[in-house]
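For reference, positions follow the sequence shown, starting with 1. Atoms considered below: every heavy atom in the structure, side chains included; atoms not considered: hydrogens, waters and symmetry mates.
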Amino acid sequence: MATPQFPEDFKCPISLEMMTDPVILSSGHTFDRSSIQRWLDSGNRTCPITKQLLPQNPSLIPNHALRSLISNFSFTCSSSQSKSSPQEPDPQTLISNLTCRSSTPSLHSQIYSLDQLNRLCKSNPFFRQRLTESGAVSTVLNFVGSEDSRLQESALLLLLNLSLDDDNKVGLVAEGAIGRVISALRFGKPNCKAYAATMLTSLAMVEVNKGTIGAYPFAIETLVSLLREGKGRERKEAATALYVLCSFPDNKKRAVECGAIPILIEMVNSGMERAIEVMGLLAKCREGREEMGKIDECVRVLIQVLKEGSSRSIICALAVLNSLCSHSEEISLEVRRKGVLEICLGLAEDDNDKISRNASNLVQTLRRCLSRA
């Protein structure tokens, strides 16, 4: 069957592809958000079409009307193609299988429907929007609480796909997703725990959700427990979730109180890059610095990163050491005794600008501390 031709008005003037998140520029023209954002991030301050000069921080106003038109068009095309091919299930039927109350679908049918919806949602933003508007989310959330790990895993993956859109991240929290996801994080099978941690990461990408998730009972505590007790993938996903959540100030304190610091130091020692990134955030709060100062191995591990770590790890280790030394003369003296000043003088000449800048900052901090001694 031929691919349907979508109207020219649905195309982004920059990418010439069908828009997924149309926004209106102050010039009155509509662009796909990702395309116009790249245009602005490149330093352009004119409208790509009219060349009209734009404000310093141009507003991007969502074009809800056009987005709805594109969504309806895309969904209609998906349904038509599905009905014309015996291999392709009808999207509306899949949704009905989940939400229909007049009959009780079998476990196999539920898992099949969730898997097919996952396939459609992963690649089609307009289908994700239609699914959230169908009322199916509450049913999917109920499946997250299922005792069957296959059903729970498929439901978590579907929520994860729905959360790819920022509008859905806020809506899912309003629907009660946090409680269900944290329950899966606490009591699910390993795969489900990993998906649940990834789901929290996705939800927390919207700033307003970070505080809500962090304040939820057992949220930070369970992520820290997963750092301690989980296997490779679970620990990695838990560390990533903490990294995103801990950009919110109160969550830093919560993570420290739940015992994250000694676990992170052990993970850094074993080579996990994400762990040093989380430490970089926790070192920005007094509680985090105090806890790091109590652990004998902390400075040794950070120095080891400076010598052997990746570029990103070195940048974070320098930042952590700078925070510690800025607030503790004792740590500053220890760091100098262990040769960090000489290491930093070498790193200050590094080709990586962030390494060079962070190393220079630490050199200045150590010299200031020496002058006060």
Side-chain angles (χ1 to χ4, degrees), residues 41 43 201 204-205 207 210 227 236 239-253 255-256 260-373:
D41 289 345
T201 300
M205 296 304 290
E207 198 67 27
K210 293 179 182 179
L227 284 185
K236 183 177 179 180
T240 300
L242 283 171
Y243 176 72
V244 176
L245 286 166
C246 285
S247 64
F248 184 78
D250 288 350
N251 291 340
K252 294 181 178 71
K253 298 176 184 178
V256 174
I261 297 294
I263 305 168
L264 289 167
I265 291 173
E266 179 272 322
M267 293 171 71
V268 172
N269 195 37
S270 65
M272 182 179 282
E273 187 174 276
R274 183 63 80 188
I276 187 70
E277 293 173 347
V278 180
M279 282 186 66
L281 291 173
L282 299 187
K284 293 179 180 179
C285 73
R286 176 179 56 79
E287 294 83 356
R289 292 190 296 271
E290 289 178 353
E291 192 63 27
M292 290 178 200
K294 296 175 185 176
I295 300 173
D296 294 336
E297 286 289 282
C298 183
V299 169
R300 182 195 67 78
V301 168
L302 291 171
I303 294 173
Q304 196 65 28
V305 172
L306 296 186
K307 295 176 178 178
E308 301 176 0
S310 66
S311 295
R312 187 164 180 81
S313 294
I314 291 172
I315 291 167
C316 293
L318 288 166
V320 173
L321 285 168
N322 197 20
S323 291
L324 293 175
C325 293
S326 295
H327 293 84
S328 170
E329 288 189 13
E330 183 181 349
I331 293 177
S332 179
L333 290 172
E334 178 188 357
V335 164
R336 283 184 63 92
R337 284 197 303 270
K338 293 185 175 179
V340 171
L341 182 58
E342 291 73 21
I343 295 173
C344 287
L345 289 172
L347 291 174
E349 304 299 323
D350 197 276
D351 291 337
N352 185 308
D353 288 341
K354 287 187 176 180
I355 290 179
S356 175
R357 184 167 58 251
N358 281 16
S360 298
N361 290 340
L362 183 51
V363 167
Q364 292 175 16
T365 297
L366 293 175
R367 285 175 173 168
R368 279 198 303 270
C369 292
L370 180 63
S371 66
R372 292 197 299 265

Before accepting this row, confirm whether a basic side-chain N of the pair Arg300/Glu297 lies closer than 4.0 Å to the acidic partner's carboxylate O.
yes
Between Met272 and Lys236, is the side chain to side chain contact (heavy atoms under 4.5 Å, CB included) condition met? List the steps.
CA-CA 8 Å; Met272 182 179 282; Lys236 183 177 179 180; 4.3 Å; yes
Determine yes or no for a side-chain-to-main-chain donor-acceptor pair under 3.5 angstrom, with Ser332 supplying the side chain and Cys325 the backbone.
no
Asn358 side-chain N/O to Ile315 backbone N/O, donor-acceptor pair under 3.5 Å
yes
Show which side-chain atoms of residues 339-354 pair as donor or acceptor with protein atoms under 3.5 Å away, not counting sequence neighbours.
| unit_1 | atom_1 | unit_2 | atom_2 | d |
| --- | --- | --- | --- | --- |
| Asp350 | OD1 | Asn352 | N | 2.8 |
| Asn352 | OD1 | Lys354 | N | 2.9 |
| Asn352 | OD1 | Ile355 | N | 3.2 |

Just to verify, what does Glu290 make a side chain to side chain contact (heavy atoms under 4.5 Å, CB included) with, not counting sequence neighbours?
Arg286
Minimum heavy-atom distance between Val256 and Gly288, given as atom pair plus value:
CG2-CA, 3.7 Å
For the atom pair CG (Leu242) and OG (Ser247), what is the distance rounded to the nearest 0.5 Å?
11.5 Å
Measure across Lys210 and Leu245 and return the closest heavy-atom pair with its distance rounded to 0.1 Å.
O-CD2, 3.9 Å
Please report the closest heavy-atom contact between Ala275 and Met267, naming both atoms and the distance.
CB-CB, 3.7 Å
Rounded at 0.5 Å granularity, tell me how far CG in Leu366 sits from CG in Leu333.
9.5 Å
Between Ala317 and Leu306, what is the shortest heavy-atom contact and its length?
CB-CD2, 3.8 Å
Rounded to the nearest 0.5 Å, how far apart are CG of Asn322 and OG1 of Thr365?
3.5 Å
Compile the donor-acceptor pairs under 3.5 Å between side chains in residues 276-285 and protein atoms, sequence neighbours left out, one pair per line.
| unit_1 | atom_1 | unit_2 | atom_2 | d |
| --- | --- | --- | --- | --- |
| Glu277 | OE1 | Arg274 | NH1 | 2.6 |
| Glu277 | OE2 | Arg312 | NE | 2.2 |

Rounded to the nearest 0.5 Å, the CG atom of Leu321 sits from the SG atom of Cys298 at a distance of 7.5 Å
Mind listing the closest non-hydrogen atom pair of Ser313 and Glu273 along with its distance?
OG-CG, 3.2 Å
How many angstroms lie between atom CG of Leu318 and atom OG of Ser323, to the nearest 0.5 angstrom?
11.0 Å
